[in-house]
Structures are given as structure tokens and as C-alpha cells.
Engineer: 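Please find one structure pasted underneath; my questions will follow.
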Amino acid sequence: MSLGFHDLLGIQPLTPAQIEFLLDQSKPFQKFNAQPLKKLATLRGRTVVLAFFESSTRTRVSFATAAARLGADAMNLQAEASSLKKGESLLDTVATLDAMKPDLFVMRHSSSGAPHMVADFLEIPVINAGDGWHEHPTQALLDALTIRDRKGRLDLNVTILGDILHSRVARSNIHLLSKFGARITLCGPAMWLPQEMEQLGPHMRREPDLTRALEDADVVLVLRVQKERLHEPPLPMEDYILRYQ
């Protein structure tokens with residue numbers, strides 16, 4: 001099967017068949033990661049740009065590890081140590097990196113849609129490692145793989161708990177799981193459960209009460225509070241812990 005797409009910018013445009021193909025392709029690598037020697041030549045001679053214009057630990061290290069284990073060379077860029085601090089534009093920075101002839105561009109950015117703009121600018125594939133409030137497609141694929149490994153299927157009762165409003169992980173998970181018929185309950189403080197969230201999938205409900213939200217749940221996805229994206233006064237931490245932690 002051909003993937004049928006050039007960039008991985010979000011889960012929303014993908015078909016269930018494309019998602020299943022990606023999940024199936026990961027299986028041999030799960031076994032490979034259990035081996036003592038974790039080095040393949042799959043991407044030998046290829047160069048991957050890891051352009052993280054927003055702070056990251058787990059996602060950045062995961063991509064760096066994947067590139068190394070597949071035999072690729074990695075070019076690392078972190079915003080706090082780049083010319084962006086001197087006022088250089090995003091596309092100027094991208095053009096400089098592109099001049100070094102990489103083969104793949106992995107990008108995280110605080111602005112929703114930034115990877116899409118870069119994908120329009122570049123000829124090489126772009127992978128979205130998280131953009132603003134929009135999507136985090138590779139996290140959703142990882143979550144789906146974990147659920148499928150444990151449960152054998154994805155058409156389950158799934159509760160997503162926490163700061164739903166500001167979470168790109170929640171959006172990507174909603175898009176993915178909805179494509180497979182999952183029944184999704186969103187749980188958290190009412191101010192982080194806007195009514196329009198129900199429009200992201202066909203089998204959605206909002207439930208601010210934790211006990212009711214966990215009834216009949218097969219899987220619970222727990223989100224952290226996105227403090228760096230909060231513009232409204234935050235819920236007092238002791239209240240959040242009492243009701244949702």
C-alpha cells in the first residue's frame with residue numbers, strides 16, 4: 001500500500017486505512033527495540049532536521065532516538081539557541097536549513113498551522129511534532145498503538161481527562177479514535193470543556209463529573225494542565241487536584 005500523503009501534519013486528513021498502515025509498520029520496530037543492538041541502516045545516508053521552535057523533552061528525544069536507530073544523521077535546532085532570538089523569520093531559518101539538503105523536516109512550533117506553512121515552502125516531507133493548540137499527530141499514533149496492543153481494537157469507550165481545551169494531544173486523539181468508532185467522553189473543569197469540542201467527533205459527550213466520566217471506560221487518557229497556554233485565570237491547583245487528579 002502507498003501511504004498516499006507527502007507530509008504528516010495532522011490526523012484529521014488521514015483515512016482509517018492510512019492510520020492502520022502506519023500502526024502495522026511500527027510492529028517490527030517494537031520488536032527491534034527489545035534487541036540489545038538497536039541500529040538499522042534503513043535511513044543510512046539520510047539527514048533529518050529536528051527543528052523545535054518550542055521547548056520539548058520527550059518528543060524531541062523520541063525523534064532523535066528514532067533517527068539514530070534508523071541510521072540517519074540529525075540536525076538539531078532549538079529556538080532558544082537559534083537566530084530566531086535575533087529576529088530572523090521562521091521561513092528564513094527554514095530556508096537556511098533547507099540549503100543544507102536534508103531529507104526530512106520534523107517541526108514543533110507554538111503557533112497553530114506553522115508546520116503547514118513550512119510544508120508549503122519545502123519540497124521535502126514535513127512531520128508535525130506539535131503545533132499550538134492544533135494537533136500532535138505522532139502522539140496520537142503512539143497512543144493508538146498502545147491501546148491496540150493492550151485491547152486489540154480501537155472502537156472502545158475512551159475517557160479523555162484534564163485540560164481538553166488547550167491540548168493538541170486531545171484533538172489528535174479525538175480525530176483518530178473517532179475514525180474507528182470509539183465513544184469518547186471528555187472530562188475536566190467546565191471552562192476547559194467548550195460545547196464545540198463535541199463537534200470534533202460523532203460519538204462525543206462532555207462530563208465534568210469524574211466518577212460519571214469513568215463509568216464503562218475501557219481506556220482513560222490523562223492530560224496535564226497546559227499552563228503555558230492558559231490565558232484565562234487558572235483553576236486553583238488544590239481544586240483541580242481534589243476534583244480530577
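Counting begins at 1 with the first residue of the sequence.
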Engineer: Once the angle between the rings of Phe53 and His109 is folded into 0 to 90°, is it parallel (under 30°), tilted (30 to 60°) or perpendicular (over 60°)?
Structural biologist: tilted

Engineer: Using 0.5 Å steps for rounding, measure from the OH atom of Tyr240 to the CH2 atom of Trp192.
Structural biologist: 6.0 Å

Engineer: Side chain to side chain contact (heavy atoms under 4.5 Å, CB included) for Ile184 and Thr159? Distances and angles first, verdict last.
Structural biologist: CA-CA 6 Å; Ile184 300 173; Thr159 294; over 6 Å; no

Engineer: Between Glu20 and Lys27, does the salt bridge (charged side-chain N to carboxylate O under 4.0 Å, His left out) criterion hold? Intermediate values first, please.
Structural biologist: CA-CA 11 Å; Glu20 287 186 319; Lys27 298 305 292 183; over 6 Å; no

Engineer: Could you check if a side-chain atom of Asp73 sits within less than 4.5 angstrom of a side-chain atom of Arg46, using non-hydrogen atoms only?
Structural biologist: no

Engineer: Any side-chain to backbone donor/acceptor pair from His134 onto Gly10? Under 3.5 Å, distance only.
Structural biologist: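 No, the answer is negative, given that no donor and acceptor are paired below the 3.5 Å cut-off.
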
Engineer: Do Phe105 and Asp98 have side chains that get closer than 4.5 Å, going by heavy atoms?
Structural biologist: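 Not touching, per the 4.5 Å side-chain cut-off.
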
Engineer: So with a 6.0 Å cut-off around CD of Gln30, is the heavy-atom count from everything else above 12?
Structural biologist: yes

Engineer: Counting only N and O atoms by type, is there a donor-acceptor contact under 3.5 Å from the side chain of Asp7 to the main-chain atoms of Leu9?
Structural biologist: no

Engineer: Would a distance-only check, ignoring hydrogens and angles, find a side-chain to backbone donor-acceptor pair under 3.5 Å from Ser111 to Ala114?
Structural biologist: no

Engineer: Among side-chain atoms of Asn76 and Arg60, is any donor-acceptor pair under 3.5 angstrom?
Structural biologist: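 Absent: no donor and acceptor within the cut-off.
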
Engineer: For Leu23, does its backbone N or O pair with a side-chain atom of Ser26 as donor and acceptor, under 3.5 Å?
Structural biologist: yes

Engineer: Got Lys38 and Arg69 here, is their nearest side-chain heavy-atom distance under 4.5 Å?
Structural biologist: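 Of all side-chain heavy-atom pairs linking Arg69 with Lys38, at least one is under 4.5 Å.
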
Engineer: Let me confirm one number: the OG-CG distance from Ser112 to Asp131, rounded to the nearest 0.5 Å.
Structural biologist: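 Going from the OG atom of Ser112 to the CG atom of Asp131 covers 5.5 Å.
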
Engineer: Indicate, with yes or no, if Leu242 and Leu161 share a hydrophobic cluster defined by side-chain heavy-atom contacts under 4.5 Å among Ile, Leu, Val, Met, Phe, Trp and Tyr.
Structural biologist: no

Engineer: Mind checking the CG-OG1 spacing from Leu97 to Thr47? Nearest 0.5 Å is all I need.
Structural biologist: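 The distance works out to 11.5 Å.
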
Engineer: Test of understanding: with salt bridge (Lys or Arg N to Asp or Glu O under 4.0 Å), list the residues that count as partners of Arg206, not counting sequence neighbours.
Structural biologist: Glu198

Engineer: Is there side-chain contact between Val49 and Leu77, with heavy atoms separated by less than 4.5 Å?
Structural biologist: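 When only atoms from C-beta onward are counted, Leu77 and Val49 do not touch, as no gap falls below 4.5 Å.
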
Engineer: Do the side chains of Leu145 and Phe32 join up, straight or via other hydrophobic residues, at under 4.5 Å, putting them in one cluster?
Structural biologist: no

Engineer: Test your reading of the model: is there a side-chain donor-acceptor pair from Thr96 to the backbone of Asp92, 3.5 Å cut-off?
Structural biologist: yes

Engineer: Supply the atom-to-atom distance Asp239 CG to Tyr244 OH, rounded to the nearest 0.5 angstrom.
Structural biologist: 10.0 Å

Engineer: Report yes if the side chains of Leu165 and Leu193 come closer than 4.5 Å at any heavy-atom pair, otherwise no.
Structural biologist: no

Engineer: Can you check whether Gly132's main-chain N or O pairs, donor with acceptor, with Arg168's side chain at less than 3.5 Å?
Structural biologist: yes

Engineer: When you measure from the side chain of Glu207 to the backbone N and O of Asp209, does any donor-acceptor pair fall under 3.5 Å?
Structural biologist: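 Confirmed, Glu207 side chain pairs with Asp209 backbone.
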
Engineer: Would you mind listing every side chain to side chain donor-acceptor pair (under 3.5 Å) that reaches into residues 169-188, with sequence neighbours excluded?
Structural biologist: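 Matches after skipping sequence neighbours: Glu135-Ser172, Asp143-Asn173, Asn157-Arg183, Thr185-Arg205.
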
Engineer: For the CD atom on Glu238, are there more than 12 heavy atoms of other groups (residues, nucleotides or ligands in this structure) within a distance under 6.0 Å?
Structural biologist: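 Yes, the 6.0 Å shell around CD holds more than 12 heavy atoms from other groups.
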
Engineer: What is the distance from atom CD1 of Ile147 to atom CG of Leu156, rounded to the nearest 0.5 Å?
Structural biologist: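 It comes to 7.0 Å.
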
Engineer: Flag yes if Leu104 and Leu70 sit in one hydrophobic cluster, no otherwise; membership is Ile, Leu, Val, Met, Phe, Trp, Tyr, and two members link when side-chain heavy atoms are under 4.5 Å apart.
Structural biologist: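 Looking at the clustering, Leu70 is in a separate group from Leu104.
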
Engineer: Could you tell me the separation between the NE2 atom of His166 and the CH2 atom of Trp133, rounded to the nearest 0.5 Å?
Structural biologist: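 Output value for this atom pair is 4.0 Å.
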
Engineer: Any link between Val106 and Leu43 through a network of hydrophobic side chains (Ile, Leu, Val, Met, Phe, Trp, Tyr) touching at under 4.5 Å?
Structural biologist: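 No; tracing contacts between hydrophobic side chains, which count when under 4.5 Å, never links both residues.
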
Engineer: Below 4.0 angstrom, N of the basic side chain to O of the carboxylate: do Arg153 and Asp218 qualify?
Structural biologist: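 No salt bridge links Arg153 with Asp218.
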
Engineer: With hydrophobic residues grouped by side-chain heavy-atom distances under 4.5 Å, do Leu142 and Phe63 end up in a single group?
Structural biologist: no

Engineer: Passes side chain to side chain contact (heavy atoms under 4.5 Å, CB included), Cys187 versus Ile160? Steps please.
Structural biologist: CA-CA 6 Å; Cys187 179; Ile160 303 179; over 6 Å; no

